[in-house]
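Notes to accompany the following structure.
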Amino acid sequence: MKLTNLLERCDYTCIQGSTDVEVSAIVNDSRKAVPGSLFFCIKGAVTDGHAYAKDVVEKGAKVLIVQDPVEVPEDVTVIQVADSRYAMALVAAAWYGHPAEQMKVIGITGTKGKTTTTYLVKSILESAGHKVGLIGTIEAIIGDEHIPANNTTPESVLIQEYFRKMADAGCDCVVMEVSSQGLMLHRTAGFVFEIGIFTNLGVDHIGPAEHKSFEEYAACKGMLFKQCRLGIVNADDAHLDMVLDGHTCEIETYGFSEKADLRAVDTRMVSKPGYLGIAYRTEGNLELDVEIDIPGKFSVYNSLTAIAICRHFGVARENILTALKAAKVKGRIEMVPVSDEFTLMIDYAHNAMSLESLLTTLREYNPGRLVCLFGCGGNRSKDRRYEMAHVSGRLADFTIITSDNPRFEEPEAILDDIEQGMKETKGAYVKIVDRKEAIAYAIHHGQPGDVIVLAGKGHEDYQEIRGVKHHMDERELIAEILEEGGIRGTVRKCNR
């Protein structure tokens, strides 16, 4: 493709060479440079792509997009821009033929709820006959292809590649998670969202490698509402005004507030052995009687969001209700049937905030006992271990401490740190290093009315030990345990 066509929507200065050249590939990884390629010199948190300019030219790259000056042979075209990442998003969209313009793209941002809501929306729209692509924390879905994700929101070049494949596969809609990092780094630049969604904002992702302040975090979330035609937002969130500051789109609201355009009323919990759910009515823009198989108030928010979106696609009421009832999200309060007497579920809660939200929600169902199994990753802050222990010790009736991605640390040492935090609470606990043994203990000691949650792994299907990811899917472990019937190994330490 001609460089002039790739740059048609960019503001740039050609400081060396000519724009009348053919480009064979676009890359931002110097290892992937090939003859005739265009290389984006990206200034990252760890490395600066400008340092690789000479390397990629030696591999045959003919065009460099830069922010800072570089010294390369005169036959190499150098394009200077204000922000290489932003230019990369615009060039990537042009390279793939602006595929987002062939589909309606729905972007969902917020601290919590993004993953579940994307799957709910996909389920509802597909029930109404739409072909829907998905990009998110767990995976990208293109037709029957499921591609595991590395980032919640991929780099712009990969997003545009996915969009191209989705459009070519006949997708007319895309629903995607949009992280604050993705917005800040312009990964979603180069196209307009049909609908932008805001779920909620909590104190998270603040730190040297993410956002320098809560205000910056909120402002980055708000960038979505300067890049979409319609914004659908949570009317109940305390930080909504911060997020919407300077928005350029139309706005609709949802929530429990009487002022919300779509609101939930008459909420009631639904509970029976092996099953937890929630039911409610909607008022305002649409009136429905809803029941979903995912417990908790946040499930009302997630499903309300999905309903608010799908209303704009003219989805019939019966399709909305059927799809909400059937929708499942791997590793997000995923109930696994093992007994008629107690409830077992898998959830991705892997920090203190998410674990507290989960256990507080499950407490509302008045279980006979609330049992929490969790571990903490190695080579990460020890504070997380104490914090999660404090949450489980305070909210769960019984805690099972076990391994979760020990990485390059000894699993026993991690469990010892968690135990130290548990001892600062009044919570009863047991310590079992092997995760399969721990799950077996939880199942075979389940009591009538128990709610047992296996926290931390969620959709993950591996255990990372000394740099190697070993296959380990909790669903498979549960099936093996039920087939074996007994408990392997011994319990290392019983509750106090």
Between S403 and Q463, do the side chains contain an N or O donor and an N or O acceptor separated by less than 3.5 Å? no
Those residues at least two apart in sequence (or on a different chain) that pass salt bridge (charged side-chain N to carboxylate O under 4.0 Å, His left out) with K104 are none
For G284, is there any backbone N or O sitting under 3.5 Å from a side-chain donor or acceptor partner on D261? no
Do L482 and V338 come within less than 4.5 Å of each other through their side chains, counting heavy atoms only? yes
Do the side chain of T116 and the main chain of G113 share a donor and acceptor less than 3.5 angstrom apart? no
Please tell me if the side chains of L344 and M335 come closer than 4.5 Å, counting only heavy atoms from C-beta onward. no
Test ring-ring contact (aromatic ring centres under 6.0 Å, His included) applied to F374 and H350, step by step: CA-CA 8 Å; F374 80 95; H350 60 286; over 10 Å; no
How long is the span from the NE2 atom in H459 to the CZ atom in R475, to the nearest 0.5 Å? 9.5 Å
Kindly determine whether R85 and E155 satisfy salt bridge (charged side-chain N to carboxylate O under 4.0 Å, His left out), including the steps that lead there. CA-CA 9 Å; R85 281 191 179 277; E155 280 289 3; 2.7 Å; yes
Under a 3.5 Å distance rule, please check whether D473 uses its side chain to pair with a backbone N or O of E460 as donor and acceptor. no
How about E476 and H471: does a side-chain donor come under 3.5 Å of a side-chain acceptor? yes
Between M176 and T188, is a side-chain contact (heavy atoms from CB on, under 4.5 Å) present by the stated rule, with each step listed? CA-CA 10 Å; M176 64 181 292; T188 61; 4.2 Å; yes
Tell me whether the NZ or CZ atom of K436 lies within the 45° cone about the ring axis of Y441 and under 6.0 Å from its centre. no
Would you please test V174 and Y162 for side-chain contact (heavy atoms from CB on, under 4.5 Å) and show each step? CA-CA 10 Å; V174 181; Y162 286 162; over 6 Å; no
Could you walk me through whether Y301 and T117 satisfy the side chain to side chain donor-acceptor pair (under 3.5 Å) test, starting with their C-alpha distance in whole Å, then the side-chain angles of each, then the deciding distance to 0.1 Å, before giving a yes or no? CA-CA 9 Å; Y301 280 116; T117 304; over 6 Å; no
Salt bridge (charged side-chain N to carboxylate O under 4.0 Å, His left out) evaluation trace for E464 with K469: CA-CA 4 Å; E464 187 177 342; K469 289 184 177 180; 5.0 Å; no
Using only atom types and a distance under 3.5 Å, with no angle test, would you say the side chain of S156 pairs donor to acceptor with the backbone of R187? no
Value for CG (L362) from CG (L395), rounded to nearest 0.5 Å, stands at 10.0 Å
Verify whether one side chain among N405 and K457 offers a donor that lies under 3.5 Å from an acceptor in the other. yes
Check this for me: K382, atom NZ, are more than 12 non-hydrogen atoms of other residues, nucleotides or ligands nearer than 6.0 Å? no
Show, in sequence, the C-alpha distance, side-chain angles and deciding distance for Y254 and T305, and conclude whether the side chain to side chain donor-acceptor pair (under 3.5 Å) test is met. CA-CA 7 Å; Y254 66 91; T305 310; 3.1 Å; yes
Any V243 side-chain heavy atom under 4.5 Å of Y217 side chain: no
Do Y275 and D293 have side-chain atoms, one donor and one acceptor, less than 3.5 Å apart? yes
Quick one: sort the F225 and F198 rings into parallel, tilted or perpendicular, breaks at 30° and 60°. perpendicular
Start with the C-alpha gap between Q181 and T153, add the side-chain angles, then the distance that decides, and say whether side chain to side chain donor-acceptor pair (under 3.5 Å) holds. CA-CA 8 Å; Q181 283 283 98; T153 307; over 6 Å; no
Does any N or O in the side chain of R384 come within less than 3.5 Å of the main-chain N or O of S381, such that one atom is a donor and the other an acceptor? no
Donor-acceptor pair, distance only, cut-off 3.5 Å: does the side chain of D450 make one with the backbone of F342? no
Side chains of Y280 and S303: donor-acceptor distance under 3.5 Å anywhere? yes
Could you check whether any side-chain N or O of T322 sits under 3.5 Å from a backbone N or O of E318, counting only pairs where one atom can act as donor and the other as acceptor? yes
Look at K325 together with E291 and state whether they make a salt bridge at an N to O cut-off of under 4.0 Å. yes
Decide yes or no on side-chain contact (heavy atoms from CB on, under 4.5 Å) for L321 and V290, but give the supporting numbers first. CA-CA 6 Å; L321 297 174; V290 180; 4.0 Å; yes
With sequence neighbours left out, what residues match D266 under salt bridge (charged side-chain N to carboxylate O under 4.0 Å, His left out)? R281
Run the ring-ring contact (aromatic ring centres under 6.0 Å, His included) check on H470 and Y462 step by step: do they pass? CA-CA 5 Å; H470 301 269; Y462 62 85; over 10 Å; no
Backbone N/O of R332 and side chain of D347: donor-acceptor pair under 3.5 Å: no
About how many Å separate CD of E419 and CD of E424, when rounded to the nearest 0.5 Å? 11.5 Å
Between T137 and E177, a side-chain donor and acceptor under 3.5 Å: yes
Give the intermediate values and the outcome of side-chain contact (heavy atoms from CB on, under 4.5 Å) for residues K131 and C171. CA-CA 5 Å; K131 189 164 185 179; C171 292; 4.0 Å; yes
Salt bridge E474-R435, side-chain N to carboxylate O under 4.0 Å: yes
Quick test of your reading of the model: are R369 and D397 salt-bridged, counting only N-O distances below 4.0 Å? no
Whether the side chain of S257 engages the backbone of D236 through a donor-acceptor N/O pair (distance < 3.5 Å, no angle test) should be reported. no
Enter the distance from I400:CD1 to I439:CD1 here, rounded to the nearest 0.5 Å. 9.0 Å
Could you tell me whether a side-chain N or O of R317 sits under 3.5 Å from a main-chain N or O of E287, the two making a donor and an acceptor? yes
Side chains of M472 and L477 in contact at under 4.5 Å (non-hydrogen atoms): yes
Could you go through the side chain to side chain donor-acceptor pair (under 3.5 Å) check for Y429 and S392 one step at a time? CA-CA 9 Å; Y429 68 93; S392 189; over 6 Å; no
Pairwise distance CD1(I401) to CD1(I418) - rounded to 0.5 angstrom: 6.0 Å
Do K122 and E126 meet the salt-bridge criterion of a basic N to acidic O distance under 4.0 Å? yes
Salt bridge (charged side-chain N to carboxylate O under 4.0 Å, His left out) assessment of E356 paired with R394: CA-CA 9 Å; E356 177 148 13; R394 174 167 49 86; 3.2 Å; yes
How many angstroms lie between atom NZ of K221 and atom CG of L244, to the nearest 0.5 angstrom? 13.5 Å
